[in-house]
Amino acid sequence: MISLNKKCTDIRVEVLRMLNESKSGHSGGSLSAVELIAGAYYQALTITVENCTDANRDRFVLSKGHAAPVLYSILADKGFFPKEELYTLRKLHSRLQGHPDSKKLPGIEAATGSLGQGCSIAVGMAMAAKSQKKSLKVFTLLGDGELQEGVVWEACMAASAYKLDNLTLIVDVNGLQLDGPCDQILPMGNLADKFSSFGFNVIEVEDGNNIKQVLAAYAQPPVMGIPTCILAHTIKGKGVSFIENQVGWHGKVPNDKELELAIIELQEN
Amino acid sequence: MKDKKMIRAAYGEALVKLGQMNKNVVVLDADLSHATMTNKFAEKFPERFFNIGIAEANMMNISAGMSTMGYIPFCSTFALFGTGRAYEQIRNSIAYPNFNVKICCTHAGVSVGEDGGSHQAIEDIALMRVIPNMTIVVPCDANETKKAVNAISECHGPTYLRLARSPSTVFDQERPFTLGKANVMKEGTDIVLFACGIMVDVALDCANELKKSLGKSIAVINIHTIKPIDAECVLLYAKMCKKVVTLEEHSVIGGLGAAVAEVLIGKGDFSFKRIGIQDRFGQSGTPEELLAEYGLDLESVKAEVEEML
């Protein structure tokens, strides 16, 4: 657990360095999602370089594709591509596109980032896995703002109709979207009630930036015949005081000075 | 009286055959399986048929996901809802990562009939044509539809198969079907008609009648693959005939006419006419009435071609 905690700090540092280098990208929504993605890749799912072409591997689909730097950092750490390549993020001819592109980079399962699509793609994977009688797990991570996309709810109805107990839909509930607080832009009401009424087994994670709580949620056994939704309450920009909960940091990246301050803060905590 | 059959019925039958040969073929529909005729596959292979409900966007994404699991999804709905409503899913989730999904849409063109303009896709070829990686096939009849279904199943990558709703003429043809290779239906030297879909039949009738009445030699080329287009064939016949006409049950903007023009631009001096829907929406009516109203019946086409001679 301690090592995974340390890993999450390292990921945050690396992500901010990548964003600083690329001079564009999404800081807030990347930092909020670190534990949620790390928990999946380092513990809950079996995804390795060795099994990455095995049809029976678990699948992770980053529906909130703007958090790509976190995914890239983890994939590089797991050996999918050289770490030096991380600093080509968002640059011309890079395999590390602004949003995940499965035809460019190994380890990426789908092209996501256009919000809502990844969730529905993951439903397709889970449906295929069921029909092929494969026992693999499919995880997909969404932002809470992303839930405003109608296709998410189309996907949820299908997940329920097709009894996808191999599917876990994780929502990074950080409360903010590009233009402001989600509850001001388009209030979505009680998410737990919404997902329950769509036929999901709902698990709430009080602190989605606490790796222990995240892993505990991921470790819960699936409910037979029912898809699972994990509502993970997080802090947008988690780990850096001047980025945390700041709407303006959705699509902003740290300059050199801010990067320095952020790294000091992250490493002290 | 010509033998007629519904292209979409042939699609349904072809899927069943394909399903028997290839266990990786799965079929998805968005609550229109009785209209797209994927219901035949559903009856035969219920475990490989997925009705997604009235949710075309979700169906496209689900197909994308399934394709990553080794399946070859054939997903069907009406052309307008597939290419229109679910455009971005096709673009971003299927074509962008170059996934092996076959988007097979029925009810293309004004010959949909009474349902009216809201249900008649006249822009679907244009929408699909601008997407990189996308292959576009428009079969001319029931026979060619069956061949096309097999051909696209064997070719990796996103494909749009455009199918008509109403019964259309079945050609007694033993021509081979090769993706990307146009079929010469009739040789000629005075004028060349490039056609696709149900307009190939009209083009042939037009050529035969003008041969009889005016003694003109008109070539008819079936461009069943709109993308990648058989540029070599288009150029060859255009250079030979100098007078070029395109015929399609689609807007003249962005469809076959545009594709042929793109091949010929800068390649010589040609007279060029695009017969198709002239930047208008469709409307209710019988298929025959509508084809006449939009200038796609034999009489209208003949008049347009005669003007070129």
Side-chain angles (χ1 to χ4, degrees), chain A residues 52-61 63 65 97-105 107-134 136 138 140 149-164 166-167, chain B residues 19 23-31 41-42 45-75 77 81 85-103 131-133 156-158:
Chain A
C52 77
T53 54
D54 177 356
N56 294 308
R57 70 189 181 277
D58 291 332
R59 306 303 204 271
F60 181 89
V61 179
S63 197
Q97 291 291 295
H99 295 84
D101 179 353
S102 55
K103 73 179 177 298
K104 288 210 163 70
L105 196 65
I108 304 291
E109 302 285 4
T112 57
S114 164
L115 296 178
Q117 321 295 30
C119 171
S120 164
I121 293 167
V123 167
M125 292 175 181
M127 281 171 69
K130 278 246 156 215
S131 118
Q132 294 164 340
K133 307 209 177 350
K134 292 190 165 91
L136 57 88
V138 181
T140 181
E149 289 284 3
V151 74
V152 170
W153 303 99
E154 292 182 10
C156 286
M157 282 187 278
S160 183
Y162 283 90
K163 304 186 181 355
L164 302 182
N166 53 352
L167 177 77
Chain B
K23 301 289 173 221
N24 286 325
V25 168
V26 293
V27 175
L28 295 89
D29 207 301
D31 192 45
F41 186 96
F45 307 106
E47 73 289 350
R48 281 192 277 147
F49 176 80
F50 303 91
N51 200 330
I52 304 302
I54 309 168
E56 296 80 9
N58 195 33
M59 176 171 72
M60 295 303 168
N61 284 335
I62 285 176
S63 300
M66 286 187 163
S67 77
T68 71
M69 305 290 292
Y71 275 152
I72 307 171
F74 278 69
C75 57
T77 176
F81 311 138
R85 183 184 286 246
Y87 185 76
E88 201 230 312
Q89 283 75 21
I90 294 175
R91 194 260 190 205
N92 269 337
S93 302
I94 296 172
Y96 179 56
N98 201 28
F99 285 161
N100 194 23
V101 176
K102 313 303 169 188
I103 301 146
I131 302 178
N133 295 339
H156 180 93

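Within every chain, numbering begins at 1; the chains are lettered A, B, ... in the order of the sequence lines, protein sequences first and strands thereafter.
No side-chain donor from either of Thr68(B) and Glu109(A) sits under 3.5 Å from a side-chain acceptor of the other.
Distance alone, capped at 3.5 Å, is enough to place a donor-acceptor pair between the Glu154(A) side chain and the Asn58(B) backbone. Panel note: side chain Lys103(A), backbone Tyr96(B); a donor-acceptor pair is recorded below 3.5 Å.
For the atom pair CE of Met60(B) and OG of Ser120(A), the computed distance is 11.0 Å after rounding to the nearest 0.5 Å. Of the inter-residue distances, the one linking Arg48(B) atom CZ with Gln132(A) atom CD reads 11.0 Å to the nearest 0.5 angstrom. Atom-to-atom distance recorded for Ser67(B):OG and Met125(A):CE is 8.0 Å, nearest 0.5 angstrom. Taken to the nearest 0.5 Å, the CD1 atom of Ile52(B) stands 11.5 Å off from the CE atom of Met157(A).
Heavy atoms of Phe99(B) lying under 4.5 Å from chain A belong exclusively to its side chain. Using a 4.5 Å cut-off between heavy atoms, Ala129(A) touches chain B through backbone and side chain atoms alike. For chain B, the nearby part of Gln97(A) is the side chain; its heavy atoms alone come within less than 4.5 Å. Both the backbone and the side chain of Ser131(A) come within less than 4.5 Å of a heavy atom of chain B. Proximity to chain B (any heavy atom under 4.5 Å) is shown, for Ala155(A), by both the backbone and the side chain.
Taking a 6.0 Å sphere around NZ of Lys163(A), one finds it holds 12 or fewer heavy atoms contributed by other residues, nucleotides or ligands.
Looking at heavy atoms from C-beta onward, Leu136(A) lies in side-chain contact with Met69(B) at the 4.5 angstrom threshold.
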Go through Asn61(B) and Val151(A) one step at a time and tell me if the side-chain contact (heavy atoms from CB on, under 4.5 Å) criterion holds.
CA-CA 9 Å; Asn61(B) 284 335; Val151(A) 74; 3.8 Å; yes
